[in-house]
Amino acid sequence: MAMPPSSPTPPQSPRERIPLAQVWQLVRPYWFSEDRWAGRGLLALVIGLNLAGVALAVLLTDWNRRFFDSLQVKNYPVFLHLLGQFCLLAGLYITAAVFALYFNQMLQIRWRRWLTEQYYRDWLSGRAYYLLQLEPSHVENPEQRIQDDIGIVANLTLDLVTGLINSAVTLGSFLVLLWTLSGQLSLRLVGFSVTIPGYMVWVAIVYAALGSAATHLVGRVLIAINFDLQRFDAEFRFRMIRIRENAESIALYRGEPDEEVNLRSAFAHIWRAWWRLMKAQRRLTFFTAGYAQLATVFPILVAAPRYFSGAISLGGLTQTALAFGQVQSSLSWFVDAYPRIAQWTASVDRLTEFRAELTRAQRVALSPAALHVTPSPDSTLAVQGMQVCLPDHRSVLDNVSLTVEPGERVLVSGPSGSGKSTLFRALAGIWPYGSGNVSIPNGKRVLFLPQRPYLPIATLREVLSYPDRPDGHSDAALAQALRDARLPSLIDRLDDQGNWSLALSGGEQQRIGFARAFLYQPDWLFLDEATSALDEETEQALYARLRERLPGVAVISVAHRATVAKFHRRRLTLHPDTRSIEEGMIRTGS
């Protein structure tokens with residue numbers, strides 16, 4: 001048999017105990033949300049059906065006693081009557097169980113939908129999804145936490161809560177019955193005798209308490225293992241997604257052997273975690289299976305002396321055994337639910353950790369000391385006392401102040417690594433690291449074109465209109481934008497849907513960005529190496545078309561090529577040694 005690799009797994013396991021305040025903070029909001037009445041109603045319905053199931057179980061226990069008594073005395077008419085009664089009770093019990101599950105699942109999906117919407121809104125708000133990638137974070141694969149962990153928490157929370165309530169009600173219902181059926185147990189010890197009333201109740205309590213304590217000792221490692229396994233599964237899936245998204249680059253580099261090594265390494269973590277899970281579950285199953293098997297015969301062994309003494313009938317023996325089983329099962333809820341509790345605890349830990357990181361990222365974005373972009377009633381773009389830093393607090397630009405007039409065309413240049421793209425992000429308002437203020441004219445249309453434009457998996461019509469809705473642009477306007485961007489071959493494919501980031505070359509993707517500019521018609525246009533994948537002739541044609549189609553637009557371009565300079569009148573040169581910006585005019589501009 002193959003054994004798992006011996007190299008150590010990465011650290012970071014969850015706490016075995018999660019503060020109840022964090023659990024309540026995660027669980028509470030839905031029950032006080034706009035969907036609270038539907039949720040509370042469904043929860044009450046589920047609990048009611050479970051209580052009905054408990055009541056029917058009590059009736060079935062009494063039916064069991066009368067049924068076996070009729071067999072013992074060979075009373076055939078009563079036997080037939082009890083069979084008909086059983087069909088009714090069993091039908092009602094099955095109906096209650098089916099609809100309890102149905103409404104439980106309905107509540108699960110409503111709660112999961114609400115939680116999912118809250119988390120992805122918070123992930124998107126304040127650009128937390130972006131900031132979490134810039135700073136060191138314990139949150140890896142947030143999409144997996146939103147998709148998988150929320151589902152686990154919603155589903156298992158309801159299952160565990162309803163199961164616990166069901167066990168508590170079952171315990172209360174059968175405890176009195178078992179106490180009555182148990183009678184008294186007299187023990188003769190050296191020199192004196194002891195009479196224990198309801199002795200089977202005390203036996204059930206001791207039996208379940210010992211089982212619960214032993215289960216926790218044996219199975220508590222499952223919490224950390226489930227946490228690690230979910231994390232490693234997500235990482236393995238993410239690596240395969242990265243290969244698919246960068247298929248062409250990997251193919252050109254002939255990088256398949258390296259990617260195979262990376263995938264093997266990522267799966268090795270799953271392999272080791274799975275072996276740890278197998279061993280832990282093997283130990284736990286040995287105990288729980290033995291515990292369950294012993295529970296089937298244990299109550300009969302305990303009640304047998306009263307049966308053989310004639311104190312109870314055969315039906316009374318079976319009723320006592322069933323009542324003992326219900327009490328013991330209720331008290332052993334923790335034993336039966338432990339694997340699910342371990343999985344639930346791991347997911348709760350991952351979501352509370354994710355929530356803390358989202359809060360931290362949003363706090364960074366909203367910090368008063370951060371670099372802010374604010375609307376201004378003035379017509380100019382103004383930068384005042386701006387300092388731009390990296391996430392590790394190293395400064396890139398110090399005390400920068402400048403203005404850009406409406407319709408002005410400005411080229412930003414400088415050596416690689418001087419902070420041009422970081423300045424671009426700061427002007428866009430997505431880079432909070434630093435201080436100072438950037439004022440953008442209020443009410444003006446602003447568009448930022450990055451070096452690699454985002455192309456959603458959608459129809460080409462939607463891709464061109466992004467981030468606007470496609471119904472805001474006519475077919476004629478879309479076709480003209482494609483012609484202006486030198487993409488006439490795509491005009492007939494407006495309603496084709498696909499992954500356009502794979503279907504189009506880098507240069508075509510950058511021309512899609514220009515097509516968006518022609519459609520959006522901004523007053524202020526910022527370009528960060530937006531023509532780096534284009535040949536010089538196409539690059540110059542697109543800048544010329546911008547000047548022709550959008551004559552009043554202010555253009556701020558980050559670019560390396562000297563050929564772009566002639567389409568601008570002003571240059572901002574970044575100097576990394578002094579962390580400053582030098583301003584000058586471009587005499588060759590037209």
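- Counting non-hydrogen atoms of other residues, nucleotides and ligands closer than 6.0 Å to CZ of R493 gives a total of 12 or fewer.
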Verify salt bridge (charged side-chain N to carboxylate O under 4.0 Å, His left out) between E235 and R231, making sure each step is shown before the conclusion.
CA-CA 6 Å; E235 180 65 23; R231 179 162 61 96; over 6 Å; no

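- Contact check for S347 versus V153: side-chain heavy atoms found under the 4.5 Å cut-off.
- Salt-bridge check for D471 with R469: failed, with every basic side-chain N at 4.0 Å or more from each acidic carboxylate O.
- The aromatic rings of W271 and W275 are tilted relative to each other, their planes meeting at an angle between 30° and 60°.
- Taking the six-membered ring for Trp and thresholds of 30 and 60 degrees, F424 and F526 have ring planes more than 60 degrees apart, a perpendicular arrangement.
- Heavy atoms of other residues, nucleotides or ligands lying less than 6.0 angstrom from OH of Y130 number more than 12.
- The side-chain heavy atoms of V383 and L427, taken from C-beta on, include a pair separated by under 4.5 Å.
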Check the pair Y119, R145 against side-chain contact (heavy atoms from CB on, under 4.5 Å), reporting the backbone distance first and the verdict last.
CA-CA 9 Å; Y119 266 85; R145 300 188 185 220; over 6 Å; no

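- The shortest non-hydrogen separation linking D468 to H473 is OD2-NE2, 3.7 Å.
- Of all non-hydrogen atoms in F238 and E143, the two that sit nearest each other are CD1-OE2, 4.2 Å.
- In this structure, A361 and L131 approach most closely via the heavy-atom pair O-CD1, 3.3 Å.
- Between F32 and W24, the two ring planes are perpendicular [angle over 60°; tilted spans 30° to 60°].
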Please assess R127 against Y129 for the test side-chain contact (heavy atoms from CB on, under 4.5 Å), listing each intermediate value before the final yes or no.
CA-CA 5 Å; R127 299 184 179 89; Y129 66 95; 4.2 Å; yes

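- Counting only distance, with no hydrogens or angles, the side chain of W123 and the backbone of L358 share no donor-acceptor pair below 3.5 Å.
- P29 approaches W114 most closely through the heavy-atom pair CB-CH2, 3.5 Å.
- With 3.5 Å as the limit, one finds no donor-acceptor pair spanning the side chains of D495 and T459.
- At a cut-off of 3.5 Å, with distance as the only test, no side-chain donor of W431 or T422 sits close to an acceptor on the other residue.
- Ring-plane geometry between Y466 and Y454 is classed as perpendicular, the angle between the planes exceeding 60 degrees on a 0 to 90 degree scale with a lower cut at 30.
- Distance check, rounded to the nearest 0.5 Å: CG of L381 to NZ of K444 gives 13.0 Å.
- Here L43 contributes atom CG and L158 contributes atom CG; the two are 7.0 Å apart, rounded to the nearest 0.5 Å.
- The CG atom of N226 sits 5.5 Å away from the CD atom of Q343 when rounded to the nearest 0.5 Å.
- Checking side-chain atoms of S465 against main-chain N and O of E462 turns up no donor-acceptor pair under 3.5 Å.
- In R452, the CZ atom is not crowded: 12 or fewer heavy atoms of neighbouring residues, nucleotides or ligands sit closer than 6.0 Å.
- Of all heavy-atom pairs between L482 and L494, the closest is CD1-CD2, 4.0 Å.
- Under the 4.5 Å side-chain criterion, counting only non-hydrogen atoms from C-beta, L60 is in contact with F86.
- Between the E529 side chain and the P450 main chain, no donor and acceptor come within less than 3.5 Å of each other.
- When the shell of 6.0 Å around CZ of R340 is examined, it contains more than 12 heavy atoms from other residues, nucleotides or ligands.
- For R239 and E259, the salt-bridge test fails: no basic side-chain N is under 4.0 Å from an acidic carboxylate O.
- A distance of 8.0 Å separates CG of N437 from CG of L371, quoted to the nearest 0.5 Å.
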CA sep, side-chain torsions, deciding dist, call: T157, W111, side-chain contact (heavy atoms from CB on, under 4.5 Å)
CA-CA 10 Å; T157 298; W111 190 9; 3.5 Å; yes

Would you sort out whether L525 and F448 count as a side-chain contact (heavy atoms from CB on, under 4.5 Å), showing the intermediate values?
CA-CA 6 Å; L525 178 62; F448 290 83; over 6 Å; no

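- For the atom pair OG1 (T162) and CG (N50), the distance works out to 5.5 Å, reported to the nearest 0.5 Å.
- Contact check for L277 versus L222: side-chain heavy atoms found under the 4.5 Å cut-off.
- For the pair Q510 and L449, the minimum side-chain heavy-atom distance is 4.5 Å or more.
- A 4.5 Å side-chain heavy-atom check between F354 and I150 finds every atom pair outside the cut-off.
- Counting non-hydrogen atoms of neighbouring residues, nucleotides and ligands closer than 6.0 angstrom, the CD atom of E117 exceeds 12 such neighbours.
- Between D159 and Q108, the side chains place a donor N or O and an acceptor N or O closer than 3.5 Å (distance only, hydrogens not considered).
- A salt bridge between D149 and R350 is present, with a side-chain N of the basic residue lying under 4.0 Å from a carboxylate O of the acidic one.
- With hydrogens and angles left out, the side-chain atoms of S33 and D35 include no donor and acceptor closer than 3.5 Å.
- Side-chain contact between N442 and S376: absent, with no pair of heavy atoms (C-beta onward) separated by less than 4.5 Å.
- Without hydrogens or angle criteria, N104 side chain to A100 main chain gives no donor-acceptor distance under 3.5 Å.
- A cation-pi contact links R445 to Y520, judged by a cut-off of 6.0 Å to the six-membered ring centre and 45° from its axis.
- Across all non-hydrogen atoms, the minimal contact from E508 to A503 is OE1-O, 4.4 Å.
- The pair D228-R272 does not count as a salt bridge, with every side-chain nitrogen at least 4.0 angstrom from each carboxylate oxygen.
- Summarising the geometry, atom CG belonging to D122 is positioned 7.5 Å from atom OG1 belonging to T359; distances are rounded to the nearest 0.5 Å.
- Residues I225 and Q281 fail the side-chain proximity criterion, which asks for heavy atoms closer than 4.5 Å.
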Decide salt bridge (charged side-chain N to carboxylate O under 4.0 Å, His left out) for R461 and D475; before the verdict, give the C-alpha distance in whole Å, the side-chain angles of both, and the deciding distance to 0.1 Å.
CA-CA 9 Å; R461 183 189 306 276; D475 286 1; 2.3 Å; yes

